[in-house]
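Report on the structure given below.
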Amino acid sequence: MRKKIPLIRPLIAEQEVEAAARVLRSRMLAQGAITADFERKFAHYVGVNEAVALSSGTAALDVAVKSAGIKQGDEVITTAFSFIASANAILYQGARPIFADIKQNTFNIDPEDLQAKITNKTKAVLAVHLFGQPFDVAAIREICADHDLLLIEDCAQAHGAEYEGRKVGSFGTGCFSFYATKNMTTGEGGMVTTGDAAVARTARLLRDHGQADKYVHTVLGYNYRMTDVEAAVGIVQLEKLDAMNAKRIGNAYYLNRHLTLEGATLPHAARGTTHVYHQYVIMLARATDRNRFEAYLQAHGIGCAVHYPLPIYQQPLYQSLGYSRELAACPVAEEVAQSVLSLPVHPALTRDDLAHIVQTVNGFEGGR
Ligand SMILES: Cc1ncc(COP(=O)(O)O)c(C=O)c1O
C-alpha cells in the first residue's frame with residue numbers, strides 16, 4: 001500500500017535536532033543570546049532594521065496592532081478571507097474589524113473594496129499575504145498614504161515571498177508565524193519586523209511584561225517571549241527557507257502544468273510577485289461536489305483541506321458580535337469559501353507523490 005501523502009509536513013533534519021539539543025545541553029533555555037541572533041538574521045533576511053521574536057504569530061499581530069496605537073472606537077480594515085487570528089488581533093484592542101472583499105484570482109484583499117470601506121474612524125489596514133502570495137502592495141500602500149493609515153502585514157503564510165523584488169514584512173509592520181505548518185517553523189513562534197525603532201521598542205516591552213528595566217514595569221505587557229530552543233531551530237530553518245520555498249514553487253508549477261480537473265481554477269501568481277505557495281489552493285467548478293472530491297482524495301491517500309470554509313465575519317464568534325449580512329457582505333469571499341480546496345505542495349513531496357496527486361485528481365469523475 002502506498003503511504004498517505006499528508007497535506008502538510010515540516011522539513012526537520014538532524015541540523016534542527018542538533019541545534020535544539022545544543023541549547024538544551026547548555027541549560028540556558030529561556031529567551032537569550034540565540035533569540036537575539038535569530039532576530040538579527042531574520043531582520044537581515046526581510047531587509048528591515050528590527051525584528052522582535054515572539055511566542056506566536058498571534059502574539060506578533062497583537063503587539064503590532066497595539067504598537068500602532070489602535071484603541072476602542074477605531075476601525076481597522078482587514079480581509080474577509082483569512083485565518084481568524086488576523087481579525088481577532090483587532091478585537092483584542094477593543095477596535096472594530098471592517099471586512100473588505102477579496103480578488104477571486106489571488107484570494108487577497110481587494111484594494112477597491114478596501115478604499116470604499118474607509119471612514120473617519122479608520123486608523124489602519126491589516127492585510128494578509130494569503131497562502132504565500134503577496135497582496136497588491138502598491139495599491140494598498142497608496143491608499144494608506146492618501147488616508148494616513150498605518151499598514152500591518154500579516155505574513156504568517158508568506159515567509160520569503162516578494163513583491164517587486166522586496167520581501168513581505170518590509171512594507172509595513174510585518175507579522176510572521178512559525179507554527180508547525182508554516183513555510184519555516186519553530187513549533188510555535190512569531191516575529192514582528194519593522195523599520196520603525198519605536199514599534200520595535202514597544203514590541204519588546206509588551207512581550208516581557210512591560211519591563212523597561214529589571215523589575216521595573218512601565219506598561220501592561222504579557223509573556224510573549226520565544227525560547228532559545230525555538231530560536232535555535234528557527235535559525236536553521238531560516239537558512240533553508242529559500243531552498244524549501246524553491247521546492248514549493250517547483251511543486252506548484254508541476255501541478256499547474258499537469259492538473260486538468262474539469263472546471264477547476266488553478267492558483268494564479270500575480271505579476272511582479274514571488275508566490276511561495278504556503279498552500280496550493282484550487283477553486284472547484286460549481287458542478288463539483290467538494291465533499292465527495294475531498295473524500296475521494298482522502299480515500300486515495302491524499303491529504304487535503306478547506307482553507308477556509310467561512311469568511312471571518314460568518315464565524316459564530318463574529319455573528320455573535322453582530323456582523324450581520326447588512327454590516328458585512330463580501331460576495332467574492334463567500335463564493336470562494338464554498339469552492340476552495342488545498343492540495344499538498346510542501347517541500348517533502350517526491351516526484352512520485354506529485355505524479356500520484358495529478359493522476360488521482362485528473363481521474364475524478366465529475367459532478368454532484
Ligand atoms: C494568516 C494567519 N495569521 C495569523 C496566524 C496566527 O499564527 P499563530 O498560529 O502562530 O499564532 C496564522 C496561523 O496560524 C495565519 O495563518
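No hydrogens, no waters, no symmetry mates; every other heavy atom, side chains included, goes into these values. Only a predicted model underlies this, so the values are computations on that prediction, with no experimental measurement involved. Numbering of ligands and ligand atoms starts at 1, following listing order.
For ligand 1, the atoms lying closer than 4.0 Å to a non-hydrogen atom of Ser82 are 1 (C). Of all the atoms in ligand 1, the ones that sit under 4.0 Å from a non-hydrogen atom of Gly57 are 7 (O), 8 (P), 10 (O), 11 (O). Taking every non-hydrogen atom of Ala85 and a distance limit under 4.0 Å, the qualifying atoms of ligand 1 come out as 4 (C), 5 (C), 6 (C). Close contacts between ligand 1 and Leu61 involve ligand atoms 4 (C) [criterion: under 4.0 Å to a heavy atom]. Atom numbering of ligand 1 starts at 1 in the shown order; those under 4.0 Å from a heavy atom of Ser86 are 1 (C), 3 (N). Heavy-atom proximity to Ser177, at under 4.0 Å, picks out these atoms of ligand 1: 7 (O), 8 (P), 10 (O).
Here the protein heavy atom with the shortest distance to atom 16 (O) of ligand 1 is Gln157 NE2, 2.9 Å. Nearest non-hydrogen protein atom to atom 14 (O) of ligand 1 is Lys182 NZ, 3.1 Å. Protein heavy atom closest to atom 15 (C) of ligand 1, with residue, atom name and distance, is Ala156 CB, 3.5 Å. At the shortest separation from atom 3 (N) of ligand 1 among protein heavy atoms lies Asp154 OD2, 2.7 Å. Nearest non-hydrogen protein atom to atom 11 (O) of ligand 1 is Thr58 OG1, 2.5 Å.
Look at Lys41 and Asp37 and you find a salt bridge, because one of the NZ, NE, NH1 or NH2 atoms lies within 4.0 Å of a carboxylate O, short of that distance. The pair Glu50-Arg201 fails the salt-bridge criterion, with no side-chain N (NZ, NE, NH1 or NH2) lying under 4.0 Å from an Asp/Glu carboxylate O.
Ligand 1 does not have Gly190 within reach: every non-hydrogen atom of the residue lies 4.0 Å or more from it.
Thr288 places no side-chain N or O within donor-acceptor distance of the main-chain N or O of Arg290, the cut-off being under 3.5 Å. No donor-acceptor pair under 3.5 Å is formed between the side chain of Asp228 and the backbone N or O of Val23.
Residue Thr181 does not touch ligand 1, judged by heavy-atom distances below 4.0 Å.
The side-chain heavy atoms of Ile282 and Pro267, taken from C-beta on, include a pair separated by under 4.5 Å. Between Ile109 and Ile140, some side-chain heavy-atom pair lies under the 4.5 Å cut-off.
A cation-pi arrangement, defined by a distance under 6.0 Å to the six-membered ring centre and an angle within 45 degrees of its axis, is present between Lys167 and Tyr45. Taking the ring axis of Tyr323 as reference, the NZ or CZ atom of Arg96 stays within 45° of it and closer than 6.0 Å to the ring centre.
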Between Arg225 and Glu188, does the salt bridge (Lys or Arg N to Asp or Glu O under 4.0 Å) criterion hold? Intermediate values first, please. CA-CA 11 Å; Arg225 294 182 302 265; Glu188 295 276 8; over 6 Å; no
